[in-house]
Peer 1: 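Have a look at this one before I ask anything.
Quick caveat, the model's predicted, so the values are computed rather than measured. Note that these values count all heavy atoms, side chains included, but never hydrogens, waters or copies made by symmetry. To find a chain, count down the sequence lines: A is the first, B the second, and so on, and within it residues start at 1.
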Number of protein chains: 2
Amino acid sequence: MPPSQSCAGCGHAPVCQASGYDRPELSGLRHIAERIGPLRTGEYLYRPLSPFRAIYAVQTGMAKTVAVDVAGREQVVAFHLPGEMIGLDAIDREHHDNAVVALGKTQFCRFPFNAIRQVATQQPDVPWHLMNAASHRISHLQLSGGNYLAEERFAAFLVDLRDRRASLGLSTDHLPLPMSRADIGNHLRLTTETVSRLLGRFRQRGMIQLDRHGVNLLDLDGLRELGQSLLVH
Amino acid sequence: MPPSQSCAGCGHAPVCQASGYDRPELSGLRHIAERIGPLRTGEYLYRPLSPFRAIYAVQTGMAKTVAVDVAGREQVVAFHLPGEMIGLDAIDREHHDNAVVALGKTQFCRFPFNAIRQVATQQPDVPWHLMNAASHRISHLQLSGGNYLAEERFAAFLVDLRDRRASLGLSTDHLPLPMSRADIGNHLRLTTETVSRLLGRFRQRGMIQLDRHGVNLLDLDGLRELGQSLLVH
DNA sequence: CGTGATGTTGATTCTAATCAATAAAGGTGG
DNA sequence: CCACCTTTATTGATTAGAATCAACATCACG
């Protein structure tokens, strides 16, 4: 099956709209998009050493980016929601140096990089749109690299996920957590045990409610206060 | 004194060349550069809430970027060597959310953002050049956010600094460290005491030599091995 | 249903922070 | 140039936060 071209008829226009892709100055991007997937839990969109040929966005579902260092240690570098750009860290490289893995049934949009550069010659806002995404990602990484307590980082993680879902028009009362505790912990520099304990602590305080597929945030203000130092304003 | 325009006659062309700014496709950037400074230790290039109007690069000397969170805690987000872009994290914002501070007598190049966008309409490689810088920064931040031991982070910090100096054609035998131990520690999520102890440990092992203004790396291979997981390859 | 993977909870250990004291450096004014 | 004083750096003793080790519970899946 050849990848379907263009965004015409895509049922997921709303999240793209929320991410700013519906601006007429970016119309060219919509015409070069290819759909990838669905991939299922644990399947790879790309791997370390895969040649860099395209940028991606999640269309539906969720994904993680994982860096693998020389010693083989894995580092979960980001979780991706629909509409969020994937692969900006490889633009200055020949090859990807990390992997992108689906978390649950996930579809992607693929933007071939050659096509992006071609489109950019006609629509000069295109590179600046990517630049804005990169700029935002830099801000986020700078903050999250900071020296904060486990509780602060974890609260910020939950609130950040909620806020990103909110800005995409996704449900905010319930946060699905399709990744493992190990993934969350790895991402936040915590062990699975510590993640479990923090979830338990927040539950005991009545700040969250846990179910099999995720959490309900019962005290968003409380969590936001705990994580405030780590949240972009 | 009005800022001097253009890079013609600038005595620091070599580092810019090493950073790729001498490519003819970027010639427009050279014509809009303004020189700022010299600033002295502790003086600000900009502060949080300063309006975002330009991107900067260090010309000579060294600088740090400091984020200040809601609670007033400071976080040293980066140290900048000559030729390195400053302010990419503010491109999608109206205002800077962090400060840039000179470390020792430091001069900057200022690239007004309006002028950059103007130049970009003539030289389409300009935004992609910034994008490459942003991409590289994302890669670096993703790695350095990882969960590594104090010793690994510190060794990687020293080697990274050396390698960046090497790629700019600066001396590599001696690393000046114009920032305080507190700055280094803050940047690496360590206390000043721990930085001191690590320096002491490396010195005892004969890996470095300490003097008043910086360090000599006596066993680069050893340091590189300690920090290998954190270094981009 | 098992059964292997994932998640929770408790006991103990360890890395780096904190607390504390001293030493060295840098800047200032006489 | 030196004495003084403030800031910065080093080193040691103790503490704390999260990791590790360990046992058990629960879930997903064939």
Peer 1: Report the residue (A:Arg197 or B:Arg189) whose heavy-atom-nearest nucleotide on DNA chain C is the more 5′ of the two.
Peer 2: A:Arg197
Peer 1: Figure out the CG/C1' separation between B:Leu190 and D:dA9, and round it to whole Å.
Peer 2: 15 Å
Peer 1: If I take atom CZ in residue A:Phe202 and atom C1' in nucleotide C:dT8, what distance separates them, rounded to the nearest angstrom?
Peer 2: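 So the CZ-C1' distance, A:Phe202 to C:dT8, works out to 17 Å.
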Peer 1: Can you check whether A:Asn216 reaches A:Asp211 side chain to side chain, under 4.5 Å on heavy atoms?
Peer 2: yes
Peer 1: Would you say C:dA17 has OP1 or OP2 under 4.0 Å from some side-chain N or O of B:Thr194?
Peer 2: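 Yes, within the criterion.
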Peer 1: Looking at A:Thr192, I'd like to know whether one of its side-chain N or O atoms comes within less than 4.0 Å of OP1 or OP2 on C:dG7.
Peer 2: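 Negative; the distance criterion is not met.
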Peer 1: Could you check whether B:Ser196 gets within reach of a base, just the sugar-phosphate, or nothing at all, counting any heavy atom under 4.0 Å?
Peer 2: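 Contact class for B:Ser196: base.
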Peer 1: Nearest nucleotide by nearest heavy atom, which residue falls closer to the 5' end of DNA chain C, A:Asn147 or A:Arg181?
Peer 2: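 The residue mapped nearer the 5' terminus is A:Arg181.
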Peer 1: How long is the line joining CG of A:Leu177 and P of C:dT8, in whole Å?
Peer 2: 11 Å
Peer 1: From CG of A:Leu198 over to P of D:dA18, roughly how many Å is that when rounded to an integer?
Peer 2: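 So the two atoms are 8 Å apart, to the nearest Å.
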Peer 1: Looking at B:Thr191, does any N or O in its side chain come under 4.0 Å of the phosphate oxygens OP1/OP2 on C:dA17?
Peer 2: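 Answer is yes, contact under 4.0 Å.
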Peer 1: Rounded to whole Å, please give me the gap between CG in B:Asn186 and P in D:dA9.
Peer 2: 13 Å
Peer 1: Distance alone, cut at 3.5 Å: any donor-acceptor contact between the side chains of B:His95 and B:Ser50?
Peer 2: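 Side-chain D/A pair, B:His95 to B:Ser50: absent.
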Peer 1: Go through the steps for A:Phe52 and A:Tyr46 under the test ring-ring contact (aromatic ring centres under 6.0 Å, His included), then give the verdict.
Peer 2: CA-CA 9 Å; A:Phe52 170 71; A:Tyr46 57 75; 8.4 Å; no
Peer 1: For A:Ala150 and A:Glu193, take the nucleotide of DNA chain D holding the closest heavy atom to each; which residue's nucleotide lies nearer the 5' end?
Peer 2: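 This one resolves to A:Ala150.
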Peer 1: Rounding to a whole Å, what distance do you find between A:Asp183:CG and C:dG7:C1'?
Peer 2: 13 Å
Peer 1: Could you state the CZ-P distance from A:Arg212 to D:dT26, rounded to the nearest angstrom?
Peer 2: 10 Å
Peer 1: Would A:Arg47 pass as a cation-pi partner of A:Tyr44, given that its NZ or CZ must be under 6.0 Å from the six-membered ring centre and within 45 degrees of the axis?
Peer 2: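 That pair qualifies as a cation-pi contact.
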